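Every value quoted in this text rests on a predicted model; they were computed, and no experiment measured them.
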Amino acid sequence: MMQKIIVLLTVLSTVFTSYNSSAQVRAIDKVIGKVGDDIILYSEVQGQILEMIQNKLTIDDETECTLTENFLYNALLLHQADVDSIEVQQEQVDAELDSKLGYYRNLLEQYNQTFESAYGQSELEWREELEEVLIKRNKIDQMQSKITANITITPREVREFFNSIPTDSLPKINAQVEYSQIVIKAKLSEESEQIEIERLKKFKRQIESGMETFDYLAKTYSHDEATGRKGGSFDCVSKGMFVPEFDAMALSLEPGQISEPFKTQFGWHIVKVEERRGKTYCGRHILRVPLVSDANIKIAKERLDSLAKSMRADPSIDICAMVDKFSEDEQTKYSCGKVLNQMTGSTMWDISQLERETALLVDGLDVGDISDPFIFQTQDRKTAFKIVTVTKRTRPHIANLEDDYELLMMAALNEKKQEVIDEWVKTRINTSHVWISPDFSKCVFKYNWKKETAKAE
């Protein structure tokens with residue numbers, strides 16, 4: 001019974017993970033486990049414990065045993081993934097690396113820090129270490145998905161799952177909302193783009209003639225604050241760390257050469273490659289973001305304001321049709337504008353999970369209300385407006401089938417998948433070479449990892 005409650009609470013909670021290779025303990029090391037050819041090191045377990053301490057998570061006498069079993073479980077999945085020749089799509093790994101790298105760059109930029117000062121390593125070194133972690137995690141995820149590929153859940157099973165939880169053990173759900181949005185971006189004029197193109201061409205001529213230095217122009221005029229303060233300089237990067245257009249231009253240059261102005265999703269650039277080794281390069285760049293004219297900002301706002309008034313005047317207007325016809329947000333355009341909560345996999349949001357501006361916007365709306373246009377910056381720094389409408393709202397309550405069916409369905413499905421995985425693990429342990437150090441003989445594991453006591457090779 002307790003397992004059902006834990007599964008449900010896991011679905012409802014947010015799990016934050018981090019990676020920091022400099023936090024790993026490396027001073028004293030030994031092999032403490034082995035699955036097939038994959039070994040588990042003592043430093044890996046201790047590194048996880050240190051990270052938990054840094055994140056102020058509770059450590060108890062069972063923590064080391066629990067983490068060790070997690071490593072054994074992952075090693076078993078990795079071993080089977082290799083047996084089954086599961087491959088990782090490098091494009092997917094690169095995309096995740098780019099996303100994480102962008103997040104940490106922005107975070108460090110806020111505190112005027114560099115990768116070297118924060119992590120004790122360059123971006124390239126950080127990326128190479130994290131890439132290995134992501135590849136392994138991707139294989140583990142694929143293996144788990146393969147094991148549970150045919151598992152489905154029926155409404156009857158969801159009801160049975162819910163009814164099996166004691167009433168006094170049902171979790172409390174905070175007030176939640178589901179909302180849809182329509183996004184319209186302010187257009188850049190050809191004139192504003194041409195101004196920046198000509199500006200960058202002038203910079204290129206000044207640098208090549210010796211009239212100005214790249215360092216001075218980047219510090220004075222670049223809109224990329226992180227590299228601008230360093231004279232436009234960026235650490236050595238490998239292909240895939242920057243957007244494709246930037247990579248393509250940089251890798252087409254010889255060391256010392258300055259590019260013509262070129263466009264990415266962030267604006268217009270010139271780049272100078274100072275060193276290149278295969279598909280790795282170092283250099284400097286200047287970024288100029290064309291200004292959106294007040295007139296075009298006004299046009300975008302008025303266009304969205306007109307849509308909002310039309311929707312308020314005629315409640316029968318289909319929000320899905322309006323999103324499909326007018327919204328310029330690719331992530332929500334094909335889901336009737338509904339914004340997915342990545343932390344839960346549901347379209348329901350706890351108000352506290354929303355960005356402050358969005359939370360203020362939706363908190364004052366009743367179901368069906370349409371907000372006024374709200375200006376914001378997109379992830380690629382574009383000026384845009386959005387209107388939102390609340391499609392569902394719940395008050396603080398005890399979990400129930402009517403309001404929380406999606407969450408309960410996910411919890412029931414996860415429990416069913418876990419039962420299948422448990423049987424798979426028990427079977428694979430008996431058919432795989434698994435060894436664990438006698439140092440862990442007192443651990444009470446979920447699975448029978450201690451079936452073999454032979455020394456690690």
Side-chain angles (χ1 to χ4, degrees), residues 94-95 98-99 101-103 105-106 109 123 183-276 279 281-300 328-330 375-385:
D94 288 341
D98 291 341
S99 176
L101 189 61
Y103 170 78
R105 277 180 182 154
N106 291 335
E109 189 176 319
E123 286 188 11
V183 175
I184 290 180
K185 300 175 183 177
K187 307 300 181 189
L188 283 173
S189 66
E190 290 185 11
E191 181 183 1
S192 63
E193 293 200 88
Q194 194 59 42
I195 288 173
E196 298 307 337
I197 292 171
E198 294 303 322
R199 191 193 307 270
L200 289 171
K201 285 182 177 180
K202 180 181 177 181
F203 289 167
K204 174 179 165 68
R205 292 194 300 269
Q206 289 176 325
I207 296 167
E208 290 177 337
S209 67
M211 290 178 59
E212 297 288 359
T213 65
F214 207 115
D215 181 88
Y216 169 76
L217 291 174
K219 286 179 177 177
T220 307
Y221 298 106
S222 182
H223 287 152
D224 183 346
E225 295 179 5
T227 62
R229 67 173 66 98
K230 299 187 295 182
S233 179
F234 55 86
D235 293 329
C236 291
V237 295
S238 56
K239 182 179 180 182
M241 290 181 70
F242 290 154
V243 291
E245 299 87 350
F246 197 98
D247 277 343
M249 179 58 73
L251 291 171
S252 72
L253 301 174
E254 295 298 326
Q257 188 177 1
I258 300 173
S259 74
E260 293 294 331
F262 65 99
K263 188 178 183 179
T264 72
Q265 66 191 65
F266 301 105
W268 285 87
H269 313 248
I270 55 172
V271 60
K272 177 184 179 182
V273 172
E274 297 180 333
E275 184 181 349
R276 211 177 95 192
K279 294 184 178 180
Y281 59 92
C282 324
R284 300 173 183 269
H285 87 120
I286 297 173
L287 168 68
R288 293 294 301 179
V289 181
L291 291 174
V292 180
S293 68
D294 291 341
N296 283 359
I297 291 176
K298 183 179 179 182
I299 289 171
E328 297 173 353
D329 178 31
E330 292 300 319
I375 192 169
F376 73 105
Q377 290 284 322
T378 63
Q379 289 184 342
D380 54 358
R381 300 182 184 182
K382 298 293 192 302
T383 300
F385 287 88

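- To the nearest 0.5 angstrom, L287 atom CG is 8.5 Å from L200 atom CG.
- Residues Y281 and V237 meet the side-chain proximity criterion, which asks for heavy atoms closer than 4.5 Å.
- Summarising the geometry of K204 relative to S259, their closest heavy-atom pair is CD-O, 3.4 Å, with the distance given to 0.1 Å.
- Each of E245, E193, E196, H269 was evaluated against K263; a single residue qualifies, E193, per the side chain to side chain donor-acceptor pair (under 3.5 Å) test.
- Although no hydrogens or angles enter the test, the distance criterion places a donor-acceptor pair under 3.5 Å between the side chain of S209 and the main chain of Q206.
- Between D294 and K298, no side-chain nitrogen of the basic residue sits less than 4.0 Å from a carboxylate oxygen of the acidic one, so the salt-bridge criterion is not met.
- The backbone N or O of D215 lies less than 3.5 Å from no partner atom in the side chain of R284, so there is not a single donor-acceptor pair.
- Summarising the geometry, atom NE2 belonging to H285 is positioned 8.5 Å from atom CZ belonging to F262; distances are rounded to the nearest 0.5 Å.
- Between I375 and T383, the closest heavy-atom pair is CD1-CG2, 3.8 Å.
- Note that CD1 of I197 is 9.5 Å distant from CD of E190, once rounded to the nearest 0.5 Å.
- Side-chain contact between L188 and N296 is absent, with no heavy-atom pair separated by less than 4.5 Å.
- Comment: K187 engages E328 in a salt bridge, judged by a side-chain N to carboxylate O separation of less than 4.0 angstrom.
- Looking only at distances, no side-chain donor or acceptor of R288 sits under 3.5 Å from a matching main-chain atom of I195.
- The shortest distance between side-chain heavy atoms of K272 and I286 does not fall below 4.5 Å.
- In this structure, P261 and K201 approach most closely via the heavy-atom pair CG-CG, 3.7 Å.
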Next item on the list: Go through the steps to decide whether I270 and E260 satisfy the test side-chain contact (heavy atoms from CB on, under 4.5 Å), and finish with yes or no.
Entry: CA-CA 6 Å; I270 55 172; E260 293 294 331; over 6 Å; no

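- Between the NZ atom in K239 and the CZ atom in F246 there is a gap of 14.5 Å [rounded to 0.5 Å].
- For the atom pair CG of D247 and OG1 of T264, the computed distance is 11.0 Å after rounding to the nearest 0.5 Å.
- When all heavy atoms of G232 and A218 are compared, the closest pair comes out as N-CB, 3.4 Å.
- Between the CE atom of M211 and the CZ atom of R205 there is a distance of 9.5 Å, given to the nearest 0.5 Å.
- Side chains of V271 and F234 form a contact here, defined as non-hydrogen atoms less than 4.5 Å apart.
- P255 approaches E274 most closely through the heavy-atom pair CB-O, 4.0 Å.
- If you look at F203 and F214, their ring centroids are not closer than 6.0 Å.
- Within a 6.0 Å radius of NZ in K230, other residues, nucleotides and ligands contribute more than 12 heavy atoms.
- Between S192 and P290, the shortest heavy-atom contact is O-CB, 3.8 Å.
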